[in-house]
Amino acid sequence: MEHPRKAFGWAATDSSGILSPFNFSRRETGENDVTFKVLYCGICHSDLHMVKNEWGNTIYPLVPGHEIVGTVTEVGSKVQKFKLGDKVGVGCMVQSCRKCQSCAENLENYCPQMVLTYGANNVDGTITYGGYSNFMVADQHFVIRIPDALPLDAAAPLLCAGITVYSPMMYFGLNKPGLHLGVVGLGGLGHMAVKFGKAFGMKVTVISTSPAKKAEAIQHLGADSFVLSTDPHQMKVAMGTLDGIIDTVSAVHPLVPLLGLLKSHGKIVMVGAPEKPLELPVFPLIMGRKLVAGSCIGGIKETQEMIDFAAKHGVKPDIEVIPMDYVNTAMERLLKADVKYRFVIDIGNTLNPTS
């Protein structure tokens with residue numbers, strides 16, 4: 001019989017979203033499990049939605065965090081992929097059925113029985129707790145190896161923000177040198193789309209409602225051009241120039257002007273998640289055989305490929321490392337988009353045991 005182990009972290013206990021120290025239990029290391037000490041955990045925008053129950057599915061108490069990295073402290077008897085001291089990470093999911101077509105195609109992220117890293121019902125009847133905590137226990141199948149070339153703090157956001165843009169770029173062929181990629185929105189996801197686009201050898205144009213983002217996009221992130229979407233002249237000049245668009249915006253926004261920026265056979269891939277439906281007339285799709293699609297993170301195999309690609313090509317998110325007790329302030333700033341471009345909590349040095 002497995003006996004739970006004491007763990008500690010920070011949790012939200014109600015829809016106020018305020019996080020505070022919290023004691024809980026994790027399972028012992030099973031035969032296929034990897035246990036690792038959490039050193040860093042990124043703050044994803046979905047963490048903000050979840051702590052406040054804005055999607056209506058939060059289970060309290062909630063320990064958030066699905067951009068988790070650290071070092072292995074224990075492995076199960078059947079674990080062969082990892083050993084003590086290895087640098088590893090866990091992203092948005094910790095289990096799937098392993099039997100369905102999606103799982104067979106290494107798309108565990110689309111498995112109907114996929115279990116999220118936090119705030120979800122696990123197969124053993126427990127609730128999953130995330131990476132705002134001192135250690136993690138996860139099945140080896142869902143553990144990602146972090147290459148030495150990637151700093152651990154910068155690696156953390158790649159496990160969500162990175163794979164969220166990398167996967168659709170690979171699937172929809174928006175990864176070929178010389179193609180022209182549009183990136184809508186310049187936040188945690190958008191800045192990663194710019195960086196991967198440039199690493200693929202593409203021409204990248206950032207599309208934003210904020211003129212203040214122009215210098216940041218071009219001078220700092222290396223985008224080739226910038227289009228202010230509220231300027232009719234700039235939008236007209238850019239019409240029919242893009243092979244594809246990665247749309248990272250989570251607010252309600254018009255799609256028709258973006259469709260006009262595409263070449264024939266161009267595609268918009270939605271990775272942001274507006275709460276209300278967007279208007280999508282069919283005629284602009286017909287005239288040019290254009291496509292609007294969606295994408296959600298990626299499978300484990302592809303996530304490892306993404307991490308390895310990022311290490312090889314020096315693709316790293318821009319981060320602000322914070323102590324654990326700053327997390328509530330960070331959430332307030334995230335709500336106002338006051339971060340460039342991802343908060344990462346220094347769990348290893350600043351998370352202290354609760355009394």
Side-chain angles (χ1 to χ4, degrees), residues 2 4-5 7 26-42 44 46 63-131 133 135-148 150 152 155-164 166-167 170-171 295-311:
E2 292 187 353
R5 286 184 291 179
R26 291 203 188 276
R27 69 176 185 266
E28 289 285 349
T29 306
E31 61 183 13
N32 288 302
D33 286 338
V34 173
T35 295
F36 65 94
K37 174 181 172 61
V38 178
L39 297 179
Y40 296 97
C41 185
C44 176
S46 60
V63 178
H66 59 207
E67 300 178 344
I68 316 162
V69 295
T71 53
V72 175
T73 56
E74 188 177 12
V75 297
S77 59
K78 292 187 177 180
V79 173
Q80 297 181 335
K81 294 167 58 179
F82 303 99
K83 64 182 187 304
L84 299 186
D86 281 353
K87 299 174 184 177
V88 296
V90 165
C92 299
M93 55 187 162
V94 290
Q95 197 52 266
S96 68
C97 77
R98 320 282 188 92
K99 300 174 183 177
C100 67
Q101 182 175 345
S102 291
C103 287
E105 295 175 354
N106 297 307
L107 294 170
E108 301 92 343
N109 49 314
Y110 298 127
C111 172
Q113 298 180 43
M114 183 263 287
V115 178
L116 295 172
T117 300
Y118 71 85
N121 292 299
N122 213 338
V123 290
D124 61 3
T126 60
I127 303 300
T128 57
Y129 293 118
S133 58
F135 74 95
M136 290 288 296
V137 183
D139 187 292
Q140 63 174 331
H141 180 81
F142 294 88
V143 177
I144 304 298
R145 181 179 300 280
I146 309 297
D148 289 337
L150 270 179
L152 280 180
L158 291 172
L159 296 169
C160 176
I163 189 60
T164 294
Y166 178 93
S167 182
M170 296 295 289
Y171 182 82
S295 183
C296 179
I297 55 173
I300 296 301
K301 182 174 183 288
E302 189 172 48
T303 301
Q304 186 66 64
E305 292 170 357
M306 177 274 304
I307 284 282
D308 293 342
F309 178 91

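Treat the numbers as computed from the prediction; the structure is a model and nothing was measured.
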### Task
Might you work through the side chain to side chain contact (heavy atoms under 4.5 Å, CB included) test for V115 and N121, ending with a clear yes or no?
CA-CA 7 Å; V115 178; N121 292 299; over 6 Å; no
#### Entry: Minimum-distance pair of heavy atoms, taken over all atoms of G299 and T303
O-OG1, 2.7 Å
### Task
Look at the side chain of R26 and the backbone N and O of F135, then say whether any donor-acceptor pair between them is shorter than 3.5 Å.
yes
### Message
Looking at D148, I'd like to know if its CG atom is crowded, meaning that more than 12 non-hydrogen atoms belonging to other residues, nucleotides or ligands lie closer than 6.0 Å.
### Response
no
### Task
Determine, for R98 against D139, whether the closest basic-nitrogen to carboxylate-oxygen distance falls under 4.0 angstrom.
yes
#### Entry: Distance (rounded to the nearest 0.5 Å) between C92 SG and I163 CD1
9.5 Å
### Query
side chain to side chain contact (heavy atoms under 4.5 Å, CB included) between V38 and F36: does it pass, once the steps are laid out?
CA-CA 6 Å; V38 178; F36 65 94; 4.2 Å; yes
### Message
Show, in sequence, the C-alpha distance, side-chain angles and deciding distance for L159 and V90, and conclude whether the side chain to side chain contact (heavy atoms under 4.5 Å, CB included) test is met.
### Response
CA-CA 7 Å; L159 296 169; V90 165; 5.8 Å; no
### Query
With sequence neighbours excluded, what pairs up with K301 under the side-chain hydrogen bond (donor to acceptor under 3.5 Å, both in side chains) test?
E305
### Spacing of I68 atom CD1 and L152 atom CG [to the nearest 0.5 Å]
13.0 Å
### Query
Picking from T126, D124, D33, what satisfies side-chain hydrogen bond (donor to acceptor under 3.5 Å, both in side chains) with R27?
D33
### Task
To the nearest 0.5 Å, tell me how far E105 CD sits from C111 SG.
12.0 Å
### Query
Within a strict 4.5 Å, meaning less than it, do heavy atoms of the P147 and I307 side chains meet?
yes
## Note on the structure
Minimal heavy-atom distance between G42 and A156, with the atoms involved, is N-CB, 4.0 Å
### Query
Of I144, T164, L158, which meets side chain to side chain contact (heavy atoms under 4.5 Å, CB included) against M306?
L158
### Query
Does Y171 OH have over 12 foreign heavy atoms under 6.0 Å away?
no
### Task
Starting from the C-alpha separation in whole Å, work towards a yes-or-no answer on side chain to side chain contact (heavy atoms under 4.5 Å, CB included) for V63 and Y118.
CA-CA 7 Å; V63 178; Y118 71 85; 5.8 Å; no
#### Entry: Approximate separation, where rounding is to 0.5 Å, of L107 CG and C296 SG
11.0 Å
#### Entry: Point-to-point distance, once rounded to the nearest 0.5 Å, from CG of D308 to CG of L150
8.5 Å
### Task
Could you pull out the closest heavy-atom pair between D86 and R145, with the gap in Å?
OD2-NH1, 3.1 Å
### Query
Can you list every side-chain hydrogen bond (donor to acceptor under 3.5 Å, both in side chains) pair that touches residues 107-117, not counting sequence neighbours?
E108-H141
### Task
Please report the closest heavy-atom contact between G130 and S133, naming both atoms and the distance.
O-OG, 2.8 Å
### Query
Applying side-chain hydrogen bond (donor to acceptor under 3.5 Å, both in side chains), which residue pairs with at least one partner in residues 63-76 are found, sequence neighbours left out?
R5-E74, T29-E74, E67-R342
### Query
Atom CE of M136 and atom CZ of F142: how far apart are they, to the nearest 0.5 Å?
12.0 Å
### Task
Could you tell me whether the side chain of E302 reaches within less than 4.5 Å of the side chain of N106, counting heavy atoms only?
no
